[in-house]
There are 2 protein chains.
Amino acid sequence: MPPSADKRRAILDGALGTFARDGYTRASIDAISAAAGVSTRTIYNHFADKSHLFATVIEESAGRVADAQLDLLDRHLRKVTDLEADLVAFALAWLRSTTGFEDHFLLVRQVNAEARHIPPAAIDAWQENGPRRVQRVLGERLTELAERGLLRVPDPRRAAVHFMMLISAHNPSFRADRVPDSELDDLAAAGVHAFLYGYHPGNPPVG
Amino acid sequence: MPPSADKRRAILDGALGTFARDGYTRASIDAISAAAGVSTRTIYNHFADKSHLFATVIEESAGRVADAQLDLLDRHLRKVTDLEADLVAFALAWLRSTTGFEDHFLLVRQVNAEARHIPPAAIDAWQENGPRRVQRVLGERLTELAERGLLRVPDPRRAAVHFMMLISAHNPSFRADRVPDSELDDLAAAGVHAFLYGYHPGNPPVG
DNA sequence: CAAGTAGTACAACGAGCGTTGTAGTTTCGG
DNA sequence: CCGAAACTACAACGCTCGTTGTACTACTTG
């Protein structure tokens, strides 16, 4: 009888929510086991200790989020016909998708806060398995658009980061405060507009 | 003999560093008192409890950082002659100034992670006393530039946020990894260029 | 059906923490 | 120089937590 994959899944799900909401230190093994519907002992049968559980949770969750985002990239930026409209549609889909992964992005903020207390290897596994993968592919799509003459992209990775920051620019210092649904369209449209034309008065050229 | 202002300052300084590095939960009163060179009892003579101490630390620190940033705004964006060069100089000064406030920005990440466990009033006091003040003034400066015909700024607050995000766009998901000094110039220059001209191939207009 | 193992409930441990009380010491204004 | 009160050192309290051991139950597989 091998350790059950179902229990493992339940533990990871419960741990994600608990770590995300309470942070590493505050999240007790008891609380995680309760959230997972599992005994504390079972957690220790699946994971060596709390820190290994945490590292597994963040890497696994980042992988799933990155998969979803890569899917969005594929669906929106493979065939672009109306540059600005398609970028806005993509930005909106991107923003809306974050609603389904709230615990994950909460957890990312926990990682940012706890960085000093997390082994660099775990940080790197998370970054590589998640954000960096997405940034690379977004950079590739932007490069394709540049090759079609629709953009000017001297540094794909930087352009990808600029794009992501602009479309999610709500409150730079406090990511926890939510964007009201009614402002999502504005946020995406303004972000894409700034990404394309900046704030120089000559732009957009034909405006 | 009123409670000593020196001791209060020492407590706030020690608490800032300890909270910033270890987070609210992990930072023990013993560790804070040791960092401050003060007995634990003195902390409780100055502050009601740990949570009030934390709220005071973040608000106070945010105020000092905001003052420094407002100073930079005054020095760089009052008289602009060469738009792009002056913005790059401002961006660089801004980025360099963060080096002197590392503990503060660490603390901000802790607040982002702990948001659910901090009273909304404390969050608001921090936001108002710090980031929002700076965003408003940056918005005003950008508006002045727009009135001189140097920019097109439909929404000052949004433009301010876009500017700040673009010039500090290093790793969106992991703010803890430092920008090497050698890349600061590139970061500022690329951020300002994107802010002015975006990624549309027609820009910059005169090339 | 029989056996072995995953899972559970529960108790126990040692350690750390926030907070308070107390008694002694330092410091500073009058 | 004296007295009030700010400060310190220290012990104690009640609580929580990570982790482990143990004895019992449930399930799956041969």
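Letters A, B, ... mirror the listed sequences (proteins, then strands); counts begin at 1.
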Q. Using 30° and 60° as the class limits, which term best fits the ring planes of Phe163(A) and Phe90(A): parallel, tilted or perpendicular?
A. parallel

Q. Taking the nucleotide of DNA chain D with the closest heavy atom to each, which residue, Arg26(A) or Arg8(B), is nearer the 5' end?
A. Arg8(B)

Q) Whole Å only: how far is the CG atom of Asn45(A) from the P atom of dT8(C)? A) 9 Å

Q: Whole angstrom is fine here: how far is it from NZ in Lys7(A) over to C1' in dC27(D)?
A: 11 Å

Q: State, to the nearest 10°, the angle formed by the axis through the first five base pairs of the helix from dC1(C)-dG30(D) to dG30(C)-dC1(D) and the axis through its last five.
A: 30°

Would you mind writing out the side-chain donor-acceptor pairs for residues 11-21 of chain B within the sub-3.5 Å range, not counting sequence neighbours?
residue  : atom : partner   : partner atom : Å
Asp13(B) : OD1  : Arg9(B)   : NE           : 3.4
Asp13(B) : OD1  : Arg9(B)   : NH2          : 3.0
Thr18(B) : OG1  : Gly14(B)  : O            : 2.7
Arg21(B) : NH1  : Asp103(B) : OD1          : 3.3

Could you go through nucleotides 19-21 of chain C and list every protein N or O atom that sits under 3.5 Å from one of its N or O atoms, giving the distance for each pair?
residue : atom : partner  : partner atom : Å
dT19(C) : OP2  : Tyr44(B) : OH           : 2.6
dT19(C) : OP2  : Lys50(B) : N            : 3.1
dT19(C) : O5'  : Tyr44(B) : OH           : 3.3
dG21(C) : N7   : Arg41(B) : NE           : 3.0
dG21(C) : N7   : Arg41(B) : NH2          : 3.3
dG21(C) : O6   : Arg41(B) : NE           : 3.3

Q. Taking only side-chain nitrogens and oxygens of Ser39(B), does any of them come within less than 4.0 Å of OP1 or OP2 of dT8(D)?
A. yes

Q. Would you say the side chains of Gln127(A) and Asp177(B) form a donor-acceptor pair under 3.5 Å?
A. no

Q.
Considering every strand and a 4.0 Å limit on heavy-atom distances, what is the contact class for Ala27(B): base, sugar-phosphate, or nothing?
A. sugar-phosphate

(Q) I need the OH-P distance between Tyr24(B) and dC17(C), as an integer number of Å. (A) 14 Å

(Q) Using whole Å, what does the distance between atom C1' of nucleotide dC7(D) and atom CD1 of Ile11(B) come to? (A) 10 Å

Q. Using a cut-off of less than 4.0 Å, is there contact between a side-chain N or O of His46(A) and OP1 or OP2 of dA6(C)?
A. no

Q: Could you tell me which residues satisfy side chain to side chain donor-acceptor pair (under 3.5 Å) with His193(B), sequence neighbours excluded, listed by chain and number?
A: none

Q. Out of dA6(C), dT8(D), dC17(D), which has the shortest distance to the side chain of Ser28(A)?
A. dC17(D)

Q | Partners meeting side chain to side chain donor-acceptor pair (under 3.5 Å) with Asp49(B) (sequence neighbours left out) | A | Ser51(B), His52(B)

Q.
Using every non-hydrogen atom in the two residues, find where Ala169(B) and His162(A) come nearest and quote the distance to one decimal.
A. CB-CD2, 3.7 Å

Q. Is the number of heavy atoms from other residues, nucleotides or ligands under 6.0 Å of Arg178(B) CZ greater than 12?
A. no

Q.
Can you confirm whether Trp126(A) sits close enough to Ser173(B) that some side-chain heavy atom of one is under 4.5 Å from a side-chain heavy atom of the other?
A. yes

Q. Rounded to whole angstrom units, what separation is found between the CD1 atom of Ile32(B) and the C1' atom of dT8(D)?
A. 18 Å

Q | Selection residues 115-125 of chain B - residue pairs positive for side-chain hydrogen bond (donor to acceptor under 3.5 Å, both in side chains), sequence neighbours left out | A | Asp22(A)-His117(B), Asp124(B)-Arg132(B)

Q: Could you check how far CG of Asp6(B) sits from P of dT26(C), rounded to whole Å?
A: 19 Å

